[in-house]
Amino acid sequence: MSRYYVTTPIYYVNDAPHIGHAYTTLACDVLARFMRLDGRDVRFLTGTDEHGQKVEKAAAKKGVDPQAFTDEISQNFRHLADAMNFSYDDFIRTTEPRHIASCQAIWKAIAKGQSPEGRENIYLEKYAGWYAVRDEAFYTEAELQEGPRGQKLAPTGAEVEWVEEPSYFFRLSDWQDSLLKFYQDNPDFIAPTSRRNEVISFVEGGLNDLSISRTTFNWGVPVPDDEEHIMYVWLDALANYITAVGHPNDGNALWKYWPADLHMVGKDILRFHAVYWPAFLMAAGIKPPKRVFAHGWWTNEGQKISKSLGNVIDPFELVDRYGLDPFRYFLLRQVPFGNDGDFSHQAIVHRLNGDLANDFGNLCQRVLSMIFRNCDGKIPPSHEFSEDDIAFVDGIAASIEELRKLMEEQSFHQALELIWRHVGNANRYVDEQAPWELRKSDPVRMETVLYTLAEAIRNLALLTSPFMPDAMTRIFDQMSVAATKRTFTHLGRTHGLAEGTALAGKPQPVFPRFVEEEGA
Ligand code: MSP
């Protein structure tokens with residue numbers, strides 16, 4: 001069975017989960033669910049990034065010990081995963097013993113190897129330069145900008161501070177050619193293409209060696225054989241992707257999942273994943289992942305989202321207000337994946353009432369109600385299909401080929417657009433065939449039409465279920481589709497609906513319209 005290993009970034013535990021966290025993990029969840037339904041052996045990893053100065057400071061601000069602090073905040077990300085119905089297989093925390101062992105092992109492997117120029121990969125020096133705690137990143141003087149109060153800011157807008165301390169360095173500069181060759185040999189490694197080009201020109205511009213240890217605080221993984229130093233939090237964090245599949249235990253069964261098929265990340269953390277990470281891995285003699293996709297950022301009603309502006313979007317509130325699946329649908333349908341997007345309540349209501357309630361919801365409700373009323377509550381016999389009936393249902397099932405391609409490219413909005421073109425066809429088919437008129441004039445044909453429509457709905461629900469698993473489960477349940485028949489092998493006509501199967505009762509709308517409350 002072909003394997004599929006997909007990962008989310010691990011989230012800093014300095015903060016409450018927000019829409020950005022929900023978005024990144026949702027994209028991975030949809031891929032994991034799609035691949036599972038398609039018969040693949042899937043591993044889906046998420047977790048929390050718990051070391052570093054940023055987390056240490058957040059704990060100190062609350063007056064709590066960092067371990068107790070991370071124990072508490074990490075739970076919030078599990079709650080988000082539950083609230084969003086994320087189907088992860090493993091939730092890693094970087095403070096776990098398995099991860100500390102893995103970090104120390106990758107450090108040793110890097111230190112043991114040599115750079116392509118025949119030099120040691122890790123050497124001891126002193127770091128003197130700028131550091132942004134918010135980004136947990138080092139910046140050169142040339143990269144800095146001046147803030148409104150004359151302060152120095154990183155290009156991300158984060159405040160920087162001057163740091164001078166003994167530090168181990170990774171000889172990144174020697175890995176430039178190997179990285180460029182790797183990008184060339186693996187054209188799909190970085191997506192979208194515009195981001196790939198950015199990374200390539202950054203690497204072509206020359207790489208500085210990277211400081212990979214800190215000595216002025218304690219909250220991190222100790223460097224092997226030098227307890228004065230803790231490992232740079234990004235080296236620690238990136239290693240989570242291999243820890244979770246068994247590194248460094250030779251013979252761990254989970255290692256079959258490496259190299260990962262996809263690291264999903266936001267555009268802000270692409271450089272860490274597409275430059276530093278493959279260089280660390282090559283230096284340690286481990287294969288780099290197959291692909292890194294950098295998605296865009298959400299703004300809130302046109303404004304950058306930030307705690308100081310007080311416009312952070314709480315995913316728990318949106319799930320409560322609009323329902324889980326409409327929120328999931330909106331996030332992946334509204335914006336071409338890879339681009340930035342703007343969140344607005346008007347836009348989500350528009351999607352919910354249009355695409356979901358009117359288009360998909362109405363289709364199901366109309367058809368299932370007609371079957372319930374006119375066919376004794378049972379899936380009617382199909383009798384004889386017309387060529388159009390066959391083309392209509394087979395067309396839906398056949399779109400799996402195109403969907404596979406779109407999912408491999410992470411084109412979620414196009415995948416949904418494609419499914420919704422078939423939803424539109426189905427609604428047109430209802431209007432053209434007018435089964436309510438056939439009831440008297442040609443009841444046999446009415447049964448064929450309703451059977452065809454039931455098959456169309458079942459196929460549409462299968463294709464949609466990675467995006468909206470709960471709502472589609474409700475449709476399958478209403479139609480009494482056997483639990484074992486809810487995978488892509490059951491796409492197509494007559495592969496899942498037995499004639500004469502009783503519906504589970506009077507059909508209920510799956511996507512009720514959203515009605516704005518008075519004064520809301
Ligand atoms: N801990 C690091 C990742 C280490 S991975 C080895 C980190 N954590 S984070 O919690 O700050 O961010 C996690 C993700 O949230 C990133 O992919 C980031 O792009 C995403 N988002 C944060 N704000 C966002 C929006 N406003 N919109 C969309 N995604 C955003 O970085």
Side-chain angles (χ1 to χ4, degrees), residues 6-28 45-56 58 70 73-74 76-77 80-81 84 91-95 99 102-103 106 132-137 154 156-158 195 219-221 231-244 260 262-278 280-281 289 292-309 311-315 318 330-332 334-343 410:
V6 59
T7 68
T8 74
I10 46 171
Y11 302 113
Y12 286 128
V13 289
N14 64 318
D15 216 349
H18 57 62
I19 191 171
H21 305 120
Y23 186 50
T24 316
T25 314
L26 172 62
C28 297
L45 173 70
T46 188
T48 43
D49 189 354
E50 308 195 352
H51 289 131
Q53 224 174 340
K54 169 153 139 166
V55 171
E56 192 188 62
T70 56
I73 311 275
S74 177
N76 298 341
F77 287 89
L80 177 72
M84 296 285 300
F91 188 104
I92 190 169
R93 300 183 52 194
T94 54
T95 47
H99 182 64
S102 165
C103 287
I106 194 176
V133 175
R134 198 185 82 188
D135 304 342
E136 296 283 18
T156 56
R195 301 273 170 219
W219 187 235
V221 177
M231 286 169 59
Y232 172 40
V233 65
W234 268 102
L235 172 53
D236 163 348
L238 288 161
N240 92 87
Y241 301 131
I242 53 175
T243 305
L262 178 69
H263 292 324
M264 179 65 75
V265 301
K267 61 180 182 178
D268 53 319
I269 56 173
L270 178 60
R271 189 179 294 181
F272 300 95
H273 285 81
V275 182
Y276 304 160
W277 182 226
F280 291 149
L281 287 167
V292 179
F293 189 104
H295 67 66
W297 271 45
W298 286 91
T299 48
N300 185 358
E301 313 266 354
Q303 269 195 324
K304 187 172 179 295
I305 298 175
S306 85
K307 263 202 289 192
S308 48
L309 289 174
N311 64 350
V312 174
I313 303 173
D314 178 354
L318 294 177
F330 169 80
L331 287 177
L332 293 181
Q334 190 65 9
V335 182
F337 199 66
N339 294 5
D340 290 338
D342 187 38
F343 176 85
Q410 293 78 48

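Heavy atoms only: backbone and side chains are in, while hydrogens, waters and symmetry mates are out. Atoms within each ligand, like the ligands themselves, are counted from 1 in listed order. We count residues from 1, following the sequence as given. The model shown is predicted, which means the values in this text are computed figures rather than measured ones.
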K.L.:
Heavy atoms only, cut-off 4.0 Å: how does His295 contact ligand 1, side chain, backbone, both, or neither?
P.N.:
side chain

K.L.:
Look at Lys54 together with Glu136 and state whether they make a salt bridge at an N to O cut-off of under 4.0 Å.
P.N.:
no

K.L.:
Compute the minimum heavy-atom distance from Phe272 to ligand 1 and say whether it is under 4.0 Å.
P.N.:
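Checking ligand 1 against Phe272, which is what was asked, there is no heavy-atom contact under 4.0 Å.
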
K.L.:
Considering only heavy atoms from C-beta outward, does the side chain of His18 approach that of Ile313 to under 4.5 Å?
P.N.:
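Heavy-atom side-chain distance check fails, nothing below 4.5 Å.
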
K.L.:
Between Asn311 (side chain only) and Lys304 (backbone N and O only), is there a donor and an acceptor less than 3.5 Å apart?
P.N.:
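Yes; at least one donor-acceptor contact below 3.5 Å.
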
K.L.:
Nearest 0.5 Å please: distance from the NE2 atom of His21 over to the CG atom of Leu26.
P.N.:
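Answer rounded to 0.5 Å: 14.0 Å.
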
K.L.:
Measure the CD-CG distance between Glu50 and Asn14 for me, rounded to the nearest 0.5 Å.
P.N.:
11.5 Å

K.L.:
Can you name the atoms of ligand 1, numbered from 1 with element, that are less than 4.0 Å from a heavy atom of Ala237?
P.N.:
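Answer for ligand 1: 6 (C).
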
K.L.:
Of the protein's non-hydrogen atoms, which lies at the shortest distance from atom 17 (O) of ligand 1, and what is that distance?
P.N.:
Gly266 N, 2.9 Å

K.L.:
When you measure from the heavy atoms of His18 to every atom of ligand 1, does any distance fall below 4.0 Å?
P.N.:
yes

K.L.:
To the nearest 0.1 Å, how far is atom 16 (C) of ligand 1 from its closest protein heavy atom, and which atom is that?
P.N.:
Ile269 CD1, 3.9 Å

K.L.:
Between Phe272 and Tyr276, what is the ring plane arrangement, given parallel below 30°, perpendicular above 60°, and tilted in between?
P.N.:
perpendicular

K.L.:
Would you mind checking which non-hydrogen protein atom is closest to atom 3 (C) of ligand 1, with the distance to 0.1 Å?
P.N.:
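Here the closest protein heavy atom is Ile10 O, 3.2 Å.
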
K.L.:
Does Asp49, backbone or side chain, put an N or O under 3.5 Å from an N or O of ligand 1?
P.N.:
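Checking ligand 1 against Asp49, an N or O pair does fall under 3.5 Å apart.
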
K.L.:
Is there a donor-acceptor pair under 3.5 Å between the side chain of Asn300 and the backbone N or O of Ile305?
P.N.:
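No, the answer is negative, given that no donor and acceptor are paired below the 3.5 Å cut-off.
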
K.L.:
Heavy-atom contacts with Gly296 under 4.0 Å: which atoms of ligand 1 show up? List them by number with element.
P.N.:
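Heavy-atom distances to Gly296 below 4.0 Å select 28 (C).
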
K.L.:
For atom 6 (C) of ligand 1, which of the options Phe343, Tyr241, Trp298 provides the nearest non-hydrogen atom?
P.N.:
Tyr241

K.L.:
If we only consider heavy atoms of His273, is any one of them less than 4.0 Å away from an atom in ligand 1?
P.N.:
yes

K.L.:
Classify the angle between the aromatic ring planes of Trp234 and His273 as parallel (below 30°), tilted (30 to 60°) or perpendicular (above 60°).
P.N.:
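If you compare the ring of Trp234 with that of His273, the planes turn out perpendicular.
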
K.L.:
Under 3.5 Å, N or O to N or O, is Leu238 touching ligand 1 that way?
P.N.:
no

K.L.:
Decide whether an N or O pair under 3.5 Å exists between His21 and ligand 1.
P.N.:
yes

K.L.:
Taking atom CD1 of Ile242 and atom CZ of Phe280, what is their separation to the nearest 0.5 Å?
P.N.:
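If I round to the nearest 0.5 Å, the distance is 11.0 Å.
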
K.L.:
Pick from Phe330, Phe337, Trp297: which one makes a ring pair (Phe, Tyr, Trp, His ring centres under 6.0 Å) with Tyr23?
P.N.:
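One option only clears the test, and that one is Phe337.
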
K.L.:
To the nearest 0.1 Å, how far is atom 19 (O) of ligand 1 from its closest protein heavy atom, and which atom is that?
P.N.:
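Of the protein heavy atoms, Asp268 OD1, 2.5 Å lies nearest.
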
K.L.:
Tell me which protein heavy atom sits closest to atom 7 (C) of ligand 1, plus the residue, atom name and distance to 0.1 Å.
P.N.:
Tyr12 CE1, 3.3 Å

K.L.:
Which heavy atom of the protein is the closest neighbour of atom 13 (C) of ligand 1, given with residue, atom name and distance?
P.N.:
Tyr11 CD2, 3.4 Å

